[in-house]
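Encoded as structure tokens, the structure appears first; notes follow it.
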Amino acid sequence: MVILGEYKSLVIDTSFTAWAYKVLDNRILAYIKNRSRDRDRTAKMDGLPEKTAAIENPGANDLKRRLITCLRKICVANTRYARILNLHYQGYVTDEICTRLGITQTNFYSILSRARSLLDFCLDKGEIE
């Protein structure tokens, strides 16, 4: 319902799928923030120290910072990996990405798999192989 309500009132420059994924992503993030805010309020009312709330959701900002750092490293190391991760995150379907980049679906899945592995390794180790 949220997507249909907002879709009628906005002019969209990207594909509908990418826009819809972004709307849902923003709604989920807002829900998580509100939930953590409520948890913080409850912890303060109960007389618990503020550090308890930080322990329940450790490193949300740290994870975001590490993710951005790793994506920048991947972009420097291999721009094709970064571009495919970006287009996939934006919600473009496989056919659209393959057409835009002029690659086959098999090649797309291979590159996407390598890019995800590289991102996972970077998040774990803090560096790129």
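Worth knowing before you read on, the calculation uses all heavy atoms, side chains too, and leaves out hydrogens, waters and symmetry mates. The model shown is predicted, which means the values in this text are computed figures rather than measured ones.
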Exercise for the section: Take N86 and Q90, measure what side-chain contact (heavy atoms from CB on, under 4.5 Å) needs, and give me the verdict at the end. Expected result: CA-CA 6 Å; N86 186 26; Q90 289 178 14; 3.1 Å; yes
Practice task
With side-chain contact (heavy atoms from CB on, under 4.5 Å) as the test, would you mind laying out the steps for E96 and L87 before giving the verdict?
Solution key: CA-CA 9 Å; E96 289 176 319; L87 289 171; over 6 Å; no
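L123 and L118 fall within the same hydrophobic cluster, defined by Ile, Leu, Val, Met, Phe, Trp and Tyr side-chain heavy atoms under 4.5 Å apart, directly or through other members.
Contacts of C98 classified as disulfide (SG to SG under 2.5 Å), with partners at least two apart in sequence or in another chain: none. Residues passing the side-chain contact (heavy atoms from CB on, under 4.5 Å) test with D120 are D124, sequence neighbours excluded. By the side-chain contact (heavy atoms from CB on, under 4.5 Å) test, T104 pairs with T106, N107, sequence neighbours left out.
When the options I84, I97, L85 are evaluated for a side-chain contact (heavy atoms from CB on, under 4.5 Å) with I111, the one that passes is I84.
Checking side-chain atoms of T79 against main-chain N and O of C75 turns up no donor-acceptor pair under 3.5 Å. Using a distance-only test at 3.5 Å, with no hydrogens or angles considered, no donor-acceptor pair links the side chain of S113 to the main chain of Y109. K73 places no side-chain N or O within 3.5 Å of a backbone atom of L119 that could act as its donor or acceptor partner.
No donor-acceptor contact under 3.5 angstrom links the side chains of H88 and R83, judged on distance only.
Annotation: side chain of R116 is in contact with side chain of L112 (closest heavy-atom distance under 4.5 Å).
Y81 does not carry R114 over the face of its six-membered ring by the limits of under 6.0 Å from the centre and within 45° of the normal.
The SG atom of C122 sits 12.0 Å away from the CZ atom of R72 when rounded to the nearest 0.5 Å. We find the OH-CG distance between Y89 and L71 to be 10.5 Å, quoted to the nearest 0.5 Å.
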